[in-house]
2 protein chains.
Amino acid sequence: MATLEELCVQAGLKMTGQRKTILKVLGEAEDHPSVESVYERSRAVDPSISMATVYRTLNILAELGLVTRHEFHENFSRFELNMEHHHHLIDVESGSVIEFQNEEIELMKQQIARDLGYELVECRLELYGKKIKN
Amino acid sequence: MATLEELCVQAGLKMTGQRKTILKVLGEAEDHPSVESVYERSRAVDPSISMATVYRTLNILAELGLVTRHEFHENFSRFELNMEHHHHLIDVESGSVIEFQNEEIELMKQQIARDLGYELVECRLELYGKKIKN
DNA sequence: GTAGCTGCAAACTCTTTGCAACTCT
DNA sequence: AGAGTTGCAAAGAGTTTGCAGCTAC
């Protein structure tokens, strides 16, 4: 199982200090950080990193499919490492994000796409909900 | 069954010429127009309409829940009238959008949210696919 | 050595907003 | 009449990019 860094090198990227830092930040993130967050966390490690580099790196990673870009109806993007496939439930009151998986839905997605004459390439499912109080 | 205009009036909006035009454009749209598109189509009817008004109107309509804002991973928003609930399959090659409905998925969404302790408020499901050639 | 990467600042794109004039009701 | 709406132009926010210097390989 290749590490993130190895995957990047395989893709022909140079392993600069900045990239290592950003990859580390992404690897340690337990949330879905905005570019701003990735920038701040990276800066805490290496204060010389610029916003431009963070943007450039995230775009490259997204293109390589190592990272997923989300738009949870905010006016900016959030990113997360592309680990196992899952979906999101966004708490409309707090903005917090819960991940979930569901095998049945995976199968149905495939089926729906096929029925429409398409091969499923990607998919987003976002539930927006209010916490039920007891 | 109230018309769009009636719903707006009920919500306390004044029925100006510009708004009538924009509502007409939205009502006639068979696609998921960008703000730019709504602007152009509205201008064809009434050339005095400004971009600012289109933005303002779409935002109000979205707030009233009469219109849905989409972000299909472009760098701008698309809108569509909030008619019956459905989801989208986006052709990754042509960018064209196909609508679909699926009762089973509706039920599962509800179930998943409830299992996580949430009341489902809204939901987005987007499939991205490649057309299967025969 | 050199292709690729970086920081900086300027540029871009989409969207929002302050304001004075105007218009539905 | 008056609150709400509009067009305009300027401002905002997030993101991208040109360039000269730097760095991994």
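Each chain gets a letter, A, B and so on, in the order the sequences are listed, and its residues count up from 1. All of these numbers come straight from a predicted model, not from anything done at the bench.
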*Asks:* Group every Ile, Leu, Val, Met, Phe, Trp and Tyr by side-chain heavy-atom contacts under 4.5 Å, then state whether B/I60 and B/M15 land in the same group.
*Replies:* yes
*Asks:* Between A/R43 and B/F79, who's closer to the 5' end of DNA chain C by nearest nucleotide?
*Replies:* A/R43
*Asks:* How sharply is the helix from C/dG1-D/dC25 to C/dT25-D/dA1 bent, taking the axes over five pairs at either end and rounding to 10 degrees?
*Replies:* 40°
*Asks:* With rounding to the nearest 0.5 angstrom, report the CG to CD1 distance, A/N102 to B/I112.
*Replies:* 4.0 Å
*Asks:* Do we see a donor-acceptor contact under 3.5 Å between the side chains of B/D115 and B/Q111?
*Replies:* yes
*Asks:* Is the shortest distance from a Lys or Arg side-chain nitrogen in A/E106 or A/K109 to a carboxylate oxygen in the other one below 4.0 Å?
*Replies:* yes
*Asks:* Reading DNA chain C in the 5' to 3' direction, which nucleotide is the first one with an atom under 4.0 Å from a heavy atom of chain B, and which is the last?
*Replies:* C/dC14 to C/dT25
*Asks:* Please report the distance, rounded to the nearest Å, between CG in B/L58 and P in D/dT5.
*Replies:* 15 Å
*Asks:* About how many Å separate NE2 of B/H85 and OG1 of B/T68, when rounded to the nearest 0.5 Å?
*Replies:* 9.0 Å
*Asks:* Near DNA chain C, counting only heavy atoms under 4.0 Å, which residues of residues 19-26 of chain A show up?
*Replies:* A/R19
*Asks:* Over all heavy atoms of both residues, which pair between A/K131 and B/Y118 is shortest? Give the atoms and the distance, please.
*Replies:* N-CD2, 3.4 Å
*Asks:* Enumerate the side-chain hydrogen bond (donor to acceptor under 3.5 Å, both in side chains) contacts for residues 21-36 of chain B, please, sequence neighbours excluded, ordered by first and then second residue.
*Replies:* B/K24-B/E28, B/D31-B/R41, B/H32-B/E80, B/H32-B/H88, B/H32-B/E99, B/S34-B/S37
*Asks:* Taking only residues two or more places apart in sequence or in another chain, which ones pass side chain to side chain donor-acceptor pair (under 3.5 Å) with B/T16?
*Replies:* none
*Asks:* Considering all heavy atoms of both residues, which atom of B/I22 and which atom of B/S42 are nearest to each other, and what is their separation?
*Replies:* CG1-OG, 3.7 Å
*Asks:* Where is the tightest heavy-atom contact between B/V121 and A/K130, given as atom of each residue plus distance?
*Replies:* CG2-N, 3.8 Å
*Asks:* Which heavy-atom pair separates A/G129 from A/L89 by the least distance, and what is that distance?
*Replies:* N-CD2, 4.4 Å
*Asks:* Reading nucleotides 15-25 of chain D from the 5' end, what letters show protein touch, with B for base, S for backbone sugar-phosphate only, - for no heavy atom under 4.0 Å?
*Replies:* BBBB-----BS
*Asks:* Identify the heavy atoms of B/L23 and B/C8 that sit nearest to each other, and give their distance.
*Replies:* CD1-SG, 4.0 Å
*Asks:* How close do A/H87 and A/R124 get, counting heavy atoms only, and between which atoms?
*Replies:* ND1-C, 4.3 Å
